[in-house]
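This report concerns only the one structure given below.
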Amino acid sequence: MDLRGRAFPGVYRLRVLLMLFHTMARIMAEQEVENLSGLSTNPEKDIFVVRENGTTCLMAEFAAKFIVPYDVWASNYVDLITEQADISLTRGAEVKGRCGHNESELQVFWVDRAYALKMLFVKESHNASKGPEATWRLSKVQFVYDSSEKTHFKDAVSAGKHTANSHRLSALVTPAGKSYECQAQQSISLASSDPQKTVTMILSAVHIQPFDIISDFVFSEEHKCPVDEREQLEETLPLILGLILGLVIVVTLAIYHIHHKMTANQVQIPRDRSQYKHMG
């Protein structure tokens, strides 16, 4: 009985140590993040990298702006007027993140944590005509803002912390193993805890990959958004039509030149029989 009684505390302590080690390992993995925004040539674009076990597992480049409506008192101090705060994600922001096989997350904080952005990505499989296909998407966005912060808000009535969340979001849908790229602006509506207020998140210059990064600090093949593909087609279509028109003109001129040369070298047969005696 004494041996068993001594063994149980030892096993219990070992389990506790293993749990603590596992928890510390997870925490260390979550903290392995980098803000590389200083490398961007676009002053409005930020670059964030999440790394686990010394390997890049999430990369995100984008410019983000939030349009936040808020109430202020009118000059008569009776009526309320809705003003608008334009809040941009700034360089030097604090960043956190975590990576998983089917779920990854990026968190960004700026202006002394007055503002916080959380983006949740999921990877899932679907049954298609060609068989199972895997895709990833942005499934949730949460934006926390403090309307008592004086840089962007001026005398807000309901000053304080508010949380704005997306609803049934499915954005940036991309085939698994590829990165998502879109230079065009994209808007996402977020329902705020401030009553009857909707926050608009505007993303632009986006290049994101939250799963399946093969090379360290290198995006995989790009999956372009439909807007970029359409704009690219609109830019290249006049060039293609111009090349086709130029080719038609060259071919036409070449045929005309050959025909004219053949006609000039052709022997003219006299119509007057009296001229035959002068031939030869």
Side-chain angles (χ1 to χ4, degrees), residues 17-66 88-125 134-144 166 169 171-183 186 188 201 203-225:
L17 288 173
L18 288 173
M19 290 177 65
L20 288 173
F21 178 77
H22 179 67
T23 302
M24 288 298 296
R26 289 186 59 187
I27 293 173
M28 290 177 66
E30 290 177 359
Q31 293 178 344
E32 196 175 356
V33 293
E34 296 183 57
N35 185 338
L36 304 178
S37 302
L39 301 177
S40 174
T41 56
N42 183 349
E44 297 180 353
K45 186 169 71 172
D46 291 272
I47 304 175
F48 305 113
V49 176
V50 180
R51 308 181 80 231
E52 285 188 358
N53 300 321
T55 304
T56 304
C57 59
L58 186 154
M59 288 182 64
E61 297 182 11
F62 58 89
K65 183 172 72 172
F66 299 87
S88 296
L89 176 58
T90 58
R91 288 192 170 184
E94 179 187 350
V95 57
K96 291 184 177 181
R98 62 179 178 86
C99 297
H101 181 68
N102 294 318
E103 189 174 288
S104 295
E105 184 178 276
L106 179 68
Q107 297 184 60
V108 186
F109 310 88
W110 66 103
V111 190
D112 296 325
R113 292 202 166 212
Y115 307 108
L117 169 65
K118 180 190 291 185
M119 304 173 75
L120 182 66
F121 305 92
V122 296
K123 185 170 67 171
E124 49 201 3
S125 297
T135 59
W136 66 263
R137 62 185 173 89
L138 175 62
S139 63
K140 183 179 180 180
V141 170
Q142 183 182 82
F143 178 58
V144 179
S166 59
L169 182 62
L172 319 185
V173 180
T174 303
K178 292 187 178 183
S179 61
Y180 177 88
E181 185 176 31
C182 191
Q183 296 301 314
Q186 303 171 80
I188 298 175
M201 175 185 181
L203 290 173
S204 60
V206 176
H207 200 176
I208 294 178
Q209 186 172 357
F211 303 100
D212 306 318
I213 296 178
I214 299 174
S215 301
D216 215 17
F217 296 106
V218 179
F219 285 108
S220 299
E221 179 187 354
E222 299 87 358
H223 171 76
K224 293 186 178 295
C225 62

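All values below come from the heavy atoms of this structure, side chains included, with hydrogens, waters and symmetry mates left out.
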What are the two closest non-hydrogen atoms of [X] and [Y], and how far apart are they?
X	Y	value
L106	A60	CD2-CB, 3.9 Å
S104	F211	OG-CE2, 3.2 Å
Q186	L172	OE1-CD2, 3.7 Å
S166	S139	OG-O, 4.4 Å
L203	A64	CD2-CB, 3.9 Å

Do [X] and [Y] come within less than 4.5 Å of each other through their side chains, counting heavy atoms only?
X	Y	value
F219	E61	yes
M119	F62	yes
I188	L138	yes

Could you grab the distance from atom [atom1] of [X] to atom [atom2] of [Y], nearest 0.5 Å is fine?
X	Y	atom1	atom2	value
E52	E32	CD	CD	7.5 Å
Q107	L120	CD	CG	10.0 Å
F109	L89	CZ	CG	12.0 Å
L169	K140	CG	NZ	11.0 Å
L117	D46	CG	CG	10.0 Å
M59	S179	CE	OG	9.0 Å

Tell me every residue that passes side chain to side chain contact (heavy atoms under 4.5 Å, CB included) with [X], counting only those two or more places apart in sequence or in another chain.
X	answer
D216	R51, T56
E124	V122, H126, T135, R137
S40	N42, K45, I47, R91
S204	A63, Q185

Worksheet item: Within a reach of under 6.0 Å around CD1 of I214, are more than 12 heavy atoms found that belong to other residues, nucleotides or ligands?
Response: no
Worksheet entry | E44 atom CD: more than 12 heavy-atom contacts under 6.0 Å | no
Output all residues satisfying side-chain hydrogen bond (donor to acceptor under 3.5 Å, both in side chains) with [X], sequence neighbours left out; order by chain, then residue number.
X	value
T174	none
D212	K123
S220	Q209

Response to the item:
Residues passing the ring pair (Phe, Tyr, Trp, His ring centres under 6.0 Å) test with Y115, sequence neighbours excluded, are W110, H152
Worksheet, complete the sentence: Across all chains, not counting sequence neighbours, the ring pair (Phe, Tyr, Trp, His ring centres under 6.0 Å) partners of F143 are F66, Y145
With sequence neighbours excluded, residues passing salt bridge (Lys or Arg N to Asp or Glu O under 4.0 Å) with [X]:
X	result
E94	R113
E221	K178
E103	R98

Fill in: N/O donor-acceptor pair under 3.5 Å between N35 side chain and S37 backbone
yes
